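These figures come from a predicted structure and were not determined experimentally. First the proteins, then the strands, lettered A, B, ... as listed; each starts at 1.
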2 protein chains.
Amino acid sequence: MKKFPQKTVTRTLLYVRTLDNLLEQGKKFVSSWELAEITDLTDVQIRKDISNFGRVGRPRLGYEIRKLKSILEEYVLQHTVHVVLFGVGNLGSAIIRYPGFHNEKIKMVAAFDVDKKKVGKKIRDVKIYSFDEATKVVPKTHAEIGIIAVPAEHSQETADIIVASGLRGIVNFTPTTINVPKDVFVKNIDLSIEFLSLFCDIQRT
Amino acid sequence: MKKFPQKTVTRTLLYVRTLDNLLEQGKKFVSSWELAEITDLTDVQIRKDISNFGRVGRPRLGYEIRKLKSILEEYVLQHTVHVVLFGVGNLGSAIIRYPGFHNEKIKMVAAFDVDKKKVGKKIRDVKIYSFDEATKVVPKTHAEIGIIAVPAEHSQETADIIVASGLRGIVNFTPTTINVPKDVFVKNIDLSIEFLSLFCDIQRT
DNA sequence: ATTTAATTGTGAAATTAATAACGATTGTGG
DNA sequence: CCACAATCGTTATTAATTTCACAATTAAAT
């Protein structure tokens, strides 16, 4: 499988999401221009991205939505992603309950917390285990990604547990940088930085 | 004020965060190489970014942390950002309680929900108002940014209210694209896309 | 059947971002 | 005081990404 730039992948996932919505609206075809309007990108950008995956559009008609969607998914969404959560606090619970995950594409398969009072309980069918059980439980879940939603001061030890459990992907919601082996991929989501950088955008105009 | 690429701004905010931590550890100086280790960037990248803001480093010693921090903040963090929240559900409540916001840089000043049972209550000193009150209440709060944490199907109407309230920045947590005037800045945080793109990274190796 | 207009797909140009190379500076140790 | 080694800052180079320009295609209209 050819590999595409990170940015292309992100945009492609956005196209898939958009195509899903258009399908629900009963549309059959969509042009690059329409997609551009919806996604706030340019039509050329969209055609170029799509051209990575083959010649799928038809002049004068645009793209057949169902077909385009299935071709894009072939590259960026082969099968369901299984996720485990570390830290069932405010943010962690919200993530478990996040409606965007209640589809066939992402499945939360287990949660872990140090608080003994939470261990054994369930949130929305997701069972909560103790941190100590992680290296035993995680492999059984076939998870691919671990979420760090613990207090910032425990992010590194949580990352270590995630790595020890055999996961190769981490989404880190704490405002810290974690150290992991170089074959483990980390995505940092620092809400403060998101807000502050948006604020900079506003002020620069 | 000169304007810098979005990416430079994001990295700079990351530097500020890192410098904060180093200060807490009692460090006085830091080299570009050390910063690179921590942030997972390259030393050249860091020196280049910093050079945008002036000559502040000293050969053989590196950067004086306190000085560097204050210079960077001058460009990316002039004053506190005030934020209002729309949608006090699971995710919204978690955002209000998010510890990363309990500092002097970001301040949540009001929340809005359609649920009359929530209106009038408070979460962590943040008062919850009804949606109808937004255009009246928001201007009084001096907020700059609005958060959309409502169910996806109401994202557009919420965006319209935010725009009508005079805000020029929106952080959109719903998996939808919203339409806003072009002088309003939007940052989309689609958790599904974050997870799926990370999954692609993993599989591509 | 022919023309027309809309739309895709793509190679080239332009822009933006990252990396490398290296000179300049300055603490430090002899 | 001098040589050395570490580190910054900057210019040049390379790489990645986006935009442009336009040829190719084809549904629709006549």
Output yes when at least one side-chain N/O atom of B:Arg11 is less than 4.0 Å from OP1 or OP2 of C:dA18, else no.
-> yes
Have a look at A:Thr18 and tell me which of A:Leu14, A:Asn21, A:Asp20 forms a side-chain contact (heavy atoms from CB on, under 4.5 Å) with it.
-> A:Leu14
Give a yes or no on whether the ring-centroid distance for A:His82 and B:Phe195 is below 6.0 angstrom.
-> no
Heavy-atom distance under 4.5 Å between the side chains of A:Val138 and A:Phe112, does that happen here?
-> yes
Just how far, in rounded Å, is C1' of D:dC20 from CD of A:Gln45?
-> 13 Å
Given C:dA5, D:dA12, D:dT19, the nucleotide with the shortest approach to the side chain of A:Val44 | D:dT19
For the side chain of A:Pro59, starting at C-beta, report the closest nucleotide among D:dT25, C:dA12, C:dT28.
-> D:dT25
Using a 4.0 Å heavy-atom cut-off across all strands, classify B:Lys7 as base, sugar-phosphate, or nothing.
-> sugar-phosphate
Closest-nucleotide ordering on DNA chain C, the 5'-leading residue of A:Asp43 and B:Arg55 = A:Asp43
Closer than 4.0 Å, any side-chain N/O of B:Arg58 to the OP1 or OP2 of C:dG27?
-> yes
How many Å lie between CD1 on B:Ile50 and P on D:dT7, as a whole number?
-> 14 Å
Note: for B:Gln6 and A:Gly57 on DNA chain C, the residue whose nearest nucleotide lies more 5' is A:Gly57
How about A:Glu74 and A:Ser70: does a side-chain donor come under 3.5 Å of a side-chain acceptor?
-> no
Between B:Arg47 and D:dC8, is there a side-chain N or O to OP1/OP2 distance below 4.0 Å?
-> yes
Between A:Asp49 and B:Val56, whichever has its closest DNA chain D nucleotide further toward 5' is B:Val56
Candidates D:dT25, C:dT28, D:dA28 - which lies nearest the side chain of A:Leu61 | D:dA28
Out of B:Phe131, B:Phe173, B:Tyr129, which residue meets the ring-ring contact (aromatic ring centres under 6.0 Å, His included) rule with B:Phe86?
-> B:Phe131
Atom CD of B:Glu64 and atom P of C:dG27: how far apart are they, to the nearest Å?
-> 13 Å
Using a cut-off of strictly less than 4.0 Å between a heavy atom of the residue and any atom of DNA chain D, enumerate the qualifying residues of residues 13-41 of chain A by number.
-> none
Mark yes or no for whether A:Glu133, through its side chain, and A:Ser130, through its backbone, hold a donor-acceptor pair below 3.5 Å.
-> yes
For A:Thr42, report the nucleic acid contact type (base, sugar-phosphate, nothing); a contact means any heavy atom under 4.0 Å.
-> sugar-phosphate
Gap between atoms CG and P, on B:Asn52 and C:dA17 respectively (whole Å) = 11 Å
From the list D:dT10, C:dT10, D:dA27, which nucleotide is the closest neighbour of the side chain of A:Lys48?
-> C:dT10
Write down the distance between CZ (A:Arg60) and C1' (D:dA27), rounded to a whole number of angstrom.
-> 5 Å
Using a 4.5 Å cut-off on heavy atoms from C-beta on, say whether the side chain of B:Lys187 contacts that of A:Ser197.
-> yes
